[in-house]
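Remarks on the structure that follows.
No experiment lies behind these values; they were computed from the predicted model shown. Protein chains get the first letters and strands the later ones, always in sequence-line order, with residue 1 at the start of each.
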Protein chains: 2
Amino acid sequence: MLSNASKYAVRAVLFLADKSDASTKYSAKAIGEELEIPVYFIAKLLQQLVKAGLVSSSKGPKGGFYLSEENLQNNACKILHEIDGEDVFSHCFMGLPRCGDKNPCPVHHIVSPFKDKLMAKFQKQSIKELSDEIDEKGMYLSLKDS
Amino acid sequence: MLSNASKYAVRAVLFLADKSDASTKYSAKAIGEELEIPVYFIAKLLQQLVKAGLVSSSKGPKGGFYLSEENLQNNACKILHEIDGEDVFSHCFMGLPRCGDKNPCPVHHIVSPFKDKLMAKFQKQSIKELSDEIDEKGMYLSLKDS
DNA sequence: ATAATAAAAGACTAATTAGTATTTTATATA
DNA sequence: TATATAAAATACTAATTAGTCTTTTATTAT
Ligand code: SF4
Ligand code: SF4
């Protein structure tokens, strides 16, 4: 459903949401190593997100990626859309040729509420809120010590 | 999550469950056209399922694919496993390096029950039961007239 | 100024998935 | 027994996704 790319991107952004700010930046190398994501790959993804205005960055020594207060207000859905395209959640499980509520496939009543919940999660909550929840509930993005 | 291949395969098998028996067979061509699946592709998939004992077939004129009474007793999960491999449902949403209930990712409490429900659906119900349910509830596998 | 640092840009290679086409083999029926 | 039919086997091509590498540009600190 989600590509590796968008999974990596979400994890990286949530990491930055938790750890970074305008004066505490992380290089692609640091992020890749911390989250066990191929370094060159996450670099490319983060650059794409910067271009889309979802992540901030600065070049040079002491430079790196971070989330501004503005960035934190976006919802996580935007990341998925930026990386995987607008129709991440629209094409779905059984892939019927012309499917929908009128012509439900065998798993529609399982898949449909799941999609709704997930959408709500990623759409209604800002990155900041999501990140706070992760902190509160003691969830992990990386399993390196911590 | 599911490949095109396994989606196609499940739809084709459920079609055969509904329409075929030992004396009413369908050629790959007929199935492909009915379900709007590339003919050569579904042929290859069905051959794979025959080899795995999940579908029956016979060659020659009046030959084709069908489900025997025995085939109908299998659960749909076996199809997914045959086509996509054993770990279709095991690697999941956020793809954390070493994830699990102890180290839940941000969407674990949404994804996990969904996976459970889906597994139950595909594992506990036989293809026959699933097919009957599809009939009862008026669900569609194809949208060609009907 | 210069050296070191790190993102930006872009050009790659590799792997996987999707889909197509050709040849061979079995079988029903005329 | 010849012919037509359809699966089986196999060898492809194409497209997408994943991942790597190199060069350029901006910035900070020495
Ligand atoms: S019927 Fe529902 S679950 Fe099935 S493919 Fe369509 S949207 Fe997805
Ligand atoms: S924590 Fe749960 S939802 Fe998240 S990747 Fe692991 S199994 Fe999937």
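- Under a hydrophobic clustering in which Ile, Leu, Val, Met, Phe, Trp and Tyr are joined whenever their side-chain heavy atoms come within less than 4.5 Å, directly or via other members, A:F122 and B:I110 fall into the same cluster.
- Out of C:dA21, D:dA9, C:dG19, the shortest distance to the side chain of B:Y8 is found at C:dG19.
- Among the heavy atoms of the strands lying under 4.0 Å from A:V50 are primed sugar atoms or P, OP1, OP2 only; no base atom is included.
- Closest to the side chain of A:K51, from the set C:dA9, D:dT20, D:dA7, is C:dA9.
- Comment: B:E33 engages B:K29 in a salt bridge, judged by a side-chain N to carboxylate O separation of less than 4.0 angstrom.
- Contact annotation for B:K25: no contact, since no heavy-atom pair falls under 4.0 Å across all strands.
- B:Q47 has its CD atom 12 Å from the C1' atom of C:dT24, to the nearest Å.
- Atoms CD and CG, from B:Q48 and B:L54 in turn, are 9.5 Å apart once rounded to the nearest 0.5 Å.
- Below 30°, between 30° and 60°, or above 60°: for B:F41 and B:Y8 the angle between ring planes is above 60°, a perpendicular geometry.
- As rounded to whole Å, 13 Å separates atom P of C:dG19 from atom CD1 of B:I83.
- If you take CG of A:L45 and C1' of C:dA9, they are 15 Å apart, rounded to a whole angstrom.
- Spacing between atom OH of B:Y26 and atom C1' of D:dT5 amounts to 18 Å, rounded to whole angstrom units.
- Note on A:A5: only backbone sugar-phosphate atoms sit closer than 4.0 angstrom, heavy atoms only; bases stay farther off.
- Set against C:dA8, D:dC21, D:dA8, the side chain of A:F65 has C:dA8 as its closest nucleotide.
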task: List the steps and the verdict of side-chain contact (heavy atoms from CB on, under 4.5 Å) for B:L14 and B:I134.
output: CA-CA 9 Å; B:L14 289 174; B:I134 288 170; 3.7 Å; yes

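- Side-chain atoms of B:K59 lie closest to C:dT27 of the nucleotides C:dA21, C:dA4, C:dT27.
- Taking only side-chain atoms of A:P61, from C-beta outward, the nucleotide of D:dT28, D:dT20, D:dA4 with the closest atom is D:dT28.
- The separation between B:K29 atom NZ and C:dA21 atom P is 14 Å, rounded to whole Å.
- Within the 4.0 angstrom heavy-atom criterion, base atoms lie near A:K44.
- Within the 3.5 Å criterion, the main-chain N or O of B:D18 finds no donor-acceptor partner in the side chain of B:D135.
- Taking atom CG on B:L46 and atom C1' on D:dA6, their separation rounds to 13 Å, with Å as the unit.
- Residues A:G63 and A:S3 each lie close to DNA chain D; by heavy-atom proximity, the contact nearer the 5' end of the strand is made by A:S3.
- Put simply, CD1 on B:I37 is 19 Å from P on C:dT17, counting in whole angstrom units.
- For A:N4, taking side-chain heavy atoms from C-beta onward, the closest of the listed nucleotides D:dG19, C:dT22, C:dG19 is D:dG19.
- Here the side chain of A:F41 is nearest to one of D:dT28, C:dA21, D:dA18, namely D:dA18.
- Atom OH of B:Y40 is separated from atom P of C:dT17 by 24 Å (rounded to the nearest Å).
- Of all nucleotides listed (D:dA8, C:dT20, C:dA9), D:dA8 comes nearest to the side chain of B:S57.
- In this structure, A:A28 reaches the sugar-phosphate backbone alone: every heavy-atom distance under 4.0 Å involves primed, P, OP1 or OP2 atoms, never a base.
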